[in-house]
Novice: 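Following this message is one structure expressed as structure tokens.
In this text, all values refer to a predicted model and were calculated from it rather than measured experimentally.
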Amino acid sequence: MTNRTKRPVRPAPVRSAYRVKTVPVALSALSALLGLTVLPAAAQAAPALTWKACPSGQGPVEMECTAIEVPVDWSAPGKATIKLDLARLPATEPSLRLGSVLVVPDGGPGIQGVLSSASESFTKLRRHFDVVGYNPRTSAAGRYLPPSCGVPGLPLNDPRDRAAYEAQAAALERLVDRCRQDDTTGLADHLDSESVARDMEAIRTALGQDRLTMLAFSYGGVPAAAYARLYPGHVRAVVFDSTPDSTVGWRGMERAQLRTTEAAFKRFTTWCAGDDACALRGRNVRTLWRKLIKSTGRRPVTYASARLGEIRLTDLHLKALARTVLPVPEKAPEFADALLKASKGDFAWFGEQVLGISASWSSPGAAATRCPDGLVRLGYEALVSDRRYSERISRDFGGGVGTGLEALACSGWRHRPVNPPRPLPAGLPPALGLGGDRDFPVTELLVRRIPGSVTVRYDGPVHVAYLRAKDPCVTGYADRYLTALTLPPAGTLCSPRQ
């Protein structure tokens, strides 16, 4: 195996050189009230980006595009650089404009993925802000990394002893090493969320903002939290929508996640009892489920796919899929049908799903993106310990995702985490959390670590409530907070419109 790689010490955050000298009295008072610092015209022009109309068909006609150049390695800013694409939906009422809101996406494209497809979600927010999206380095990496970084990973088998674990980890490590050796840019070693956070600081400076206002979606909350830790004095406001608690890692979130899965399973069994669309109607679904995980736990089922390879399915795989699928009501008929077939010995659905997840999660590029954040604990002892811990919480679903498959996906990443779970600093402004049924518990774990913060629960199974609930209750609370820094009362619930 290769030696552990030590990364260079990251530079300390540098405070912006752009500062206010004089502003009109009335505007200054309003800005102070809203937590904004308005920069004089000269200061705003200094780091200005050059915005142009986006290419035809990329988004709404009013959307503008540009790019920013950032170092591959923030500890060596004079060396290799990459370009990140940005887009903005300009404020619709310039006289009321307060600045920019940076949308921090879930690793995917911030332009096509958010601003183009969901521009209507930002309608009221745009009265006061330019809404700025960007493609983070984790998304832009595809144009810089070699093909060996994008190859599918290996089937993630459930190792039953240390030798099996180490053999699988070594095979995954070889994929990672090939990616890193072929990568002439060095980017594969700098796809962690701390590097993404430093890019966000460069964007803040380029936008001419003294403090950053952020709307972070899903895993985008991990770099947003890293930003808050690195630059606490540069945070004006942040919405964490459906965000994991990166201050504690997956084990720290396990109890809350499993409560969510148990609630989703209860909804699933209730639906099955009363709907002919459920292939298991009339069956005791929980009893059937327990028989399946017990049998596969004792005697793994071998499944071979002509496209994705072969895997030995165990209870770990079944639990991981259940935890992924159960919170999504649209998947209920498909999952019920798969359970019925599995009870008769046909595990094709489970096999194809697990092999697909394996190929995606353990790909070298995916490992380089998520594993440096250190949310999962590595090593055979940690895998066994975390799985037992999880199964004590829930015998039916414990030990599936973060304490199981995701830990296996990262087992070939043998390098020191760059952005491991750590507490947030004191003195941050209160934040707002948003979460549907499936995400609220873990998002609340993160948000309540910032004194004075509040999390709004949406009473539905959506992921990323601000965009997908399409509910004025959710967007109203978020927009009011981002605009006026006004938080809703603790315990606020948004119910779906009838």
Side-chain angles (χ1 to χ4, degrees), residues 7-20 36-37 39 42-52 64-88 99-111 114-115 129-141 143-144 185-187 189-217 219-238 369 372-373 418-419:
R7 302 201 180 193
V9 176
R10 300 280 182 173
V14 178
R15 294 189 66 82
S16 173
Y18 304 103
R19 289 291 181 267
V20 174
L36 295 163
T37 301
L39 304 177
Q44 290 182 1
L49 297 163
T50 302
W51 295 95
K52 298 180 180 179
E64 300 170 326
C65 290
T66 189
I68 187 172
E69 195 168 3
V70 296
V72 167
D73 180 358
W74 276 98
S75 69
K79 296 185 178 180
T81 62
I82 57 173
K83 284 187 176 181
L84 306 179
D85 294 326
L86 283 79
R88 74 174 176 184
S100 300
V101 171
L102 181 65
V103 174
V104 190
D106 180 20
I111 296 176
V114 177
L115 298 194
F129 290 99
D130 297 338
V131 178
V132 177
Y134 77 113
N135 289 349
R137 63 173 55 209
T138 50
S139 174
R143 76 172 73 148
Y144 295 100
T185 67
L187 184 58
D189 283 332
H190 300 283
L191 292 173
D192 55 276
S193 289
E194 186 171 297
S195 293
V196 176
R198 295 186 185 279
D199 296 341
M200 292 162 60
E201 173 66 356
I203 293 172
R204 178 197 67 81
T205 302
L207 290 171
Q209 300 288 134
D210 191 62
R211 291 197 284 169
L212 197 58
T213 302
M214 295 174 280
L215 184 52
F217 297 139
Y219 199 84
V222 177
Y227 184 91
R229 179 175 51 78
L230 290 169
Y231 309 100
H234 288 174
V235 177
R236 173 183 173 265
V238 56
T369 298
D373 286 339
V418 177
N419 184 49

Novice: Can you name the side chain to side chain donor-acceptor pair (under 3.5 Å) partners of T369, sequence neighbours left out?
Specialist: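 Result, side chain to side chain donor-acceptor pair (under 3.5 Å) vs T369: none returned.
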Novice: Are any non-hydrogen side-chain atoms of T81 and V70 less than 4.5 angstrom apart?
Specialist: no
Novice: Got a sec, which residues hit salt bridge (Lys or Arg N to Asp or Glu O under 4.0 Å) with D199, two or more places apart in sequence or on another chain?
Specialist: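 Residues passing salt bridge (Lys or Arg N to Asp or Glu O under 4.0 Å) with D199: R137.
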Novice: Counting only N and O atoms by type, is there a donor-acceptor contact under 3.5 Å from the side chain of T66 to the main-chain atoms of T50?
Specialist: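 Yes: the side chain of T66 pairs with the backbone of T50.
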Novice: Using the test side chain to side chain contact (heavy atoms under 4.5 Å, CB included), find all partners of A76 that sit at least two apart in sequence or belong to another chain.
Specialist: D73, K79
Novice: Are any non-hydrogen side-chain atoms of M200 and Y134 less than 4.5 angstrom apart?
Specialist: yes
Novice: Is the closest basic N to carboxylate O distance between R88 and E64 below 4.0 Å?
Specialist: yes
Novice: Among all residues two or more places apart in sequence or in another chain, which pass the side chain to side chain contact (heavy atoms under 4.5 Å, CB included) test with S100?
Specialist: R97, D130, V132, L207, Q209
Novice: How close do A87 and L115 get, counting heavy atoms only, and between which atoms?
Specialist: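 Looking at all heavy atoms of both residues, the closest pair is O-CD1, 3.4 Å.
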Novice: Quick one: do R204 and R211 satisfy side-chain contact (heavy atoms from CB on, under 4.5 Å)? Show the steps, please.
Specialist: CA-CA 7 Å; R204 178 197 67 81; R211 291 197 284 169; 5.7 Å; no
Novice: Ignoring hydrogens, what is the shortest heavy-atom contact between L191 and A141? Give both atom names and the distance.
Specialist: CD2-CB, 3.9 Å
Novice: Taking all atoms of both residues into account, what is the closest heavy-atom pair of N419 and A226, and its distance?
Specialist: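 Heavy-atom minimum between the residues: OD1-CB, 3.9 Å.
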Novice: Checking side-chain contact (heavy atoms from CB on, under 4.5 Å) for the pair T185/I82: CA distance, chi angles, key distance, verdict?
Specialist: CA-CA 9 Å; T185 67; I82 57 173; 5.8 Å; no
Novice: Just by distance, do the side chain of Y144 and the backbone of K83 share a donor-acceptor pair under 3.5 Å?
Specialist: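 Pair found, side chain donor or acceptor close to backbone of K83.
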Novice: Nearest 0.5 Å please: distance from the SG atom of C65 over to the CG atom of L86.
Specialist: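 Answer rounded to 0.5 Å: 9.0 Å.
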Novice: Atom CH2 of W74 and atom OG of S195: how far apart are they, to the nearest 0.5 Å?
Specialist: 9.5 Å
Novice: Side chains of P136 and L84: closer than 4.5 Å at any heavy-atom pair?
Specialist: no
Novice: In chain order, what residues pass the side chain to side chain contact (heavy atoms under 4.5 Å, CB included) check against P77, with sequence neighbours excluded?
Specialist: P71
Novice: Only counting residues at least two apart or in another chain, list the ones meeting ring-ring contact (aromatic ring centres under 6.0 Å, His included) with F217.
Specialist: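 Per chain and number, F217 pairs via ring-ring contact (aromatic ring centres under 6.0 Å, His included) with no residue.
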Novice: How many angstroms lie between atom CE of M214 and atom CG of L212, to the nearest 0.5 angstrom?
Specialist: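 M214 atom CE to L212 atom CG measures 5.0 Å (nearest 0.5 Å).
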Novice: Between the side chains of E201 and R198, is the shortest nitrogen-to-carboxylate-oxygen separation below 4.0 Å, so that they form an ion pair?
Specialist: no
Novice: Do side-chain atoms of D373 reach the backbone of S193 as a donor and acceptor pair under 3.5 angstrom?
Specialist: yes
Novice: Kindly give the heavy-atom pair with the smallest separation between A228 and V235, and that separation in Å.
Specialist: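 Scanning both residues completely, I find the closest heavy atoms to be CA-CG2, 3.9 Å.
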Novice: With a 4.5 Å limit on heavy-atom distance, are the side chains of V104 and L215 in contact?
Specialist: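 No; the side chains remain at least 4.5 Å from each other.
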Novice: Would you call the rings of Y231 and H234 parallel, tilted or perpendicular, where under 30° means parallel and over 60° means perpendicular?
Specialist: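 Geometry flag for H234 against Y231: parallel rings.
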Novice: Within this structure, what is the CG-CG distance for the pair D189 and L187, rounded to the nearest 0.5 Å?
Specialist: 9.0 Å
